[in-house]
Every structure is written in structure tokens, then in C-alpha cells.
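Report on the following structure.
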Number of protein chains: 2
Amino acid sequence: MNIVEISKVLSNKTRVNILKWLKNPAENFPPHQDIDHFDDGVCVGYIQDKTGLSQSTISTYLNSMQNAKLVIPTRHGKWTYYRRNEEVIQGYVKVLENEL
Amino acid sequence: MNIVEISKVLSNKTRVNILKWLKNPAENFPPHQDIDHFDDGVCVGYIQDKTGLSQSTISTYLNSMQNAKLVIPTRHGKWTYYRRNEEVIQGYVKVLENEL
DNA sequence: TTTACATATCTAGAATTATAGATATGTTTT
DNA sequence: AAAACATATCTATAATTCTAGATATGTAAA
């Protein structure tokens with residue numbers, strides 16, 4: 001749980017939005033075809049479409065979010081699905097509450 | 001209350017430390033001479049000494065923290081004292097709790 | 001009213017982050 | 001096995017942040 005590293009992730013509007021969108025995938029993304037639920041999160045392509053940024057940029061963003069343990073990737077066939085890591089996200093808020 | 005702007009402040013170890021130190025000035029800084037309490041916070045010089053960074057850097061940091069409304073400056077003679085803005089700090093944690 | 005002092009602002013170079021095109025990797029389909 | 005597809009990584013440039021020295025401003029002391 002690294003305040004500085006997580007704050008760096010949150011210091012970008014798009015990355016904050018991605019986290020928010022992932023709270024409610026069904027509301028923010030089209031349904032997946034190969035998988036009829038969002039249990040493992042949302043595929044990179046949908047996230048990219050929603051942001052309008054390039055594929056490599058979004059992949060880089062998701063990688064930094066994964067390094068900070070804010071999201072968890074799961075591979076299904078050729079897709080990678082990302083979902084929130086609620087434990088870490090809530091833990092971060094708690095740490096701020098206590099330490100900040 | 002801007003998540004991105006405040007996160008930028010928190011994405012630097014020194015700035016996070018300054019906020020933490022200001023929670024308990026009497027424990028983290030020497031007593032002031034012109035003022036015998038810490039009601040208005042801590043003067044820039046003490047903060048600078050504690051960090052070991054240059055005067056201009058600390059002044060810049062404090063300015064960014066003030067812009068984000070995380071700290072409140074008060075001038076006494078030739079000194080400027082900075083204290084935490086608890087309302088905004090707690091408010092930020094609440095916003096994260098709800099929105100993130 | 002100079003001088004000294006505390007802090008703020010200006011300026012500039014170094015370091016980091018943002019962003020995307022090109023390419024690589026792994027998977028599925030044909 | 002080749003082609004198509006989704007994502008990751010590499011490479012490079014633009015933009016931003018970091019940091020400090022120099023300078024300016026405001027206040028107090030001599």
C-alpha cells in the first residue's frame with residue numbers, strides 16, 4: 001500500500017474515470033460476447049473505445065494501475081479483462097483516513 | 001474538491017510528509033520564538049530544514065498545496081505559517097470513499 | 001533609510017510522465 | 001500453417017513536473 005504510487009495513478013483524469021466506470025461495468029460498457037457477465041471486469045478494447053485514447057496508451061495506463069494493485073487482470077482467450085481490486089482501493093482510503 | 005489536483009500533491013513523498021508532520025507540529029518541529037504555540041501552523045523555514053530541500057522548492061510545494069486548499073497560510077511579521085486545512089483533507093477522503 | 005531576514009516568484013535545465021506509432025506476443029480461426 | 005485479432009511492449013517525441021539558483025517583495029531591525 002504505497003500512497004505515492006497510488007496517488008500517481010489517481011493524478012490523471014482518465015485513470016480515475018476507468019476506476020469509476022469499473023464500479024458498474026453493465027452501465028458503462030456494452031455486453032461482452034464471449035462472456036455474458038462482467039465478473040472478471042471489462043476487456044481492454046471497450047475501455048479504449050470509451051476513452052478515445054490509443055490502444056497502447058490504455059494498455060500502459062492499465063499496466064500502471066495493475067502495478068499499483070488497483071486492478072486485477074484475467075485472461076480469457078485473446079482478451080484480458082480488468083476489474084477493480086476493491087480490497088486495495090478501500091485499503092487506500094483507510095490508510096489516507098488514518099495517516100493523512 | 002478536485003481529485004486529480006489533490007492526487008498530484010499527494011504523488012510526492014515530501015509533500016505527503018509535510019501534511020503528516022503538520023498533524024503534530026510540537027512533536028515534529030522546534031518551538032517558534034515569536035509565537036509560543038502552533039495554532040497557525042509552522043513557518044516555512046522549519047519545514048525546509050526538516051526536508052533538506054531548497055527554500056524555493058519548499059515554497060513551491062507549499063504553494064501547490066495551498067492551491068489545492070490542503071493547507072492555509074497565515075502571515076505573522078516576516079514569517080508565513082502553514083497549517084492543515086482539515087476540512088478539505090477530510091472532505092477529500094470522503095469523496096474518495098464515495099466516488100472512487 | 002539602509003540592512004538583514006523570511007518568503008515568494010522567476011528562470012532554466014534535469015527528470016519524469018503522456019501519448020501514440022510500430023512491432024512483438026499469444027490466441028483463435030480458417 | 002497462415003491469417004486475423006486482442007493486448008502488451010518498444011521507441012520516440014511532446015508535455016509536465018522537479019528542483020534549485022537568482023532575483024524580487026515584504027517586513028523588521030539597526
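Below, each value reflects all heavy atoms present in this structure, side chains not excepted, and no hydrogens, waters or symmetry copies. Sequence lines set the chain letters: A, B, ... in the order given, protein chains first and strands last, and positions in each chain run from 1.
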In whole angstroms, the gap separating C1' of C:dT17 from CZ of A:Arg15 amounts to 8 Å
Side-chain contact check for B:Val44: nearest option of C:dT9, C:dA18, C:dT7 is C:dT7
When rounded to whole Å, the NZ to P distance for the pair B:Lys8 and C:dT16 reads 18 Å
_Exam field: side chain A:Ser59 to backbone A:Gln55, donor-acceptor pair closer than 3.5 Å_ = no
In whole angstroms, the gap separating P of C:dT17 from CG of A:Asn67 amounts to 12 Å
So, is B:Tyr82 near the phosphate of C:dA8, with a side-chain N or O under 4.0 Å from OP1 or OP2? yes
- Query: Would you say the side-chain atoms of B:Tyr46 pair up with the backbone N or O of B:Pro25, donor to acceptor, closer than 3.5 Å?
  - Reply: no
Per nearest nucleotide of DNA chain C, the residue lying toward the 5' end, A:Ser11 or B:Tyr81, is B:Tyr81
| Charged N to carboxylate O below 4.0 Å: is that the case for A:Lys8 and A:Glu5? | no
Numerically ordered, the residues 53-60 of chain B set in heavy-atom contact under 4.0 Å with DNA chain C is B:Gln55, B:Ser56, B:Ser59
Residue pairs passing the side-chain hydrogen bond (donor to acceptor under 3.5 Å, both in side chains) test with at least one member in residues 20-30 of chain A, sequence neighbours excluded, are A:Lys20-B:Glu99
Establish, with yes or no, whether the OP1 or OP2 oxygen of D:dA6 is under 4.0 angstrom from a side-chain nitrogen or oxygen of A:Arg75. no
For the backbone of B:Tyr81 and the side chain of B:Asp40, can you confirm whether one donor and one acceptor N or O come within less than 3.5 Å of each other?
no
Rounded to whole Å, OH of A:Tyr46 lies from P of D:dC5 at a distance of 15 Å
Exercise for review: Please determine if a side-chain N or O atom of B:Asn12 lies less than 4.0 Å away from the OP1 or OP2 oxygen of D:dT17.
Suggested key: no
Here the distance between atom P of D:dA6 and atom CD of A:Gln48, to the nearest Å, is 10 Å
Problem set entry | NZ (A:Lys50) with more than 12 external heavy atoms under 6.0 Å | yes
Ranking C:dA18, C:dT28, D:dA8 by distance to the side chain of A:Lys78, first place goes to C:dT28
Q: Look at the side chain of A:Arg83 and the backbone N and O of A:Val71, then say whether any donor-acceptor pair between them is shorter than 3.5 Å.
A: no
On DNA chain C, more 5' by nearest nucleotide between B:Cys43 and A:His76 is B:Cys43
Rounded to whole Å, the CD-C1' distance (A:Gln33 to C:dT28) equals 14 Å
When rounded to whole Å, the CG to C1' distance for the pair B:Asn63 and C:dC10 reads 13 Å
Between CD1 of A:Ile35 and C1' of D:dA6 the distance, given in whole Å, is 13 Å
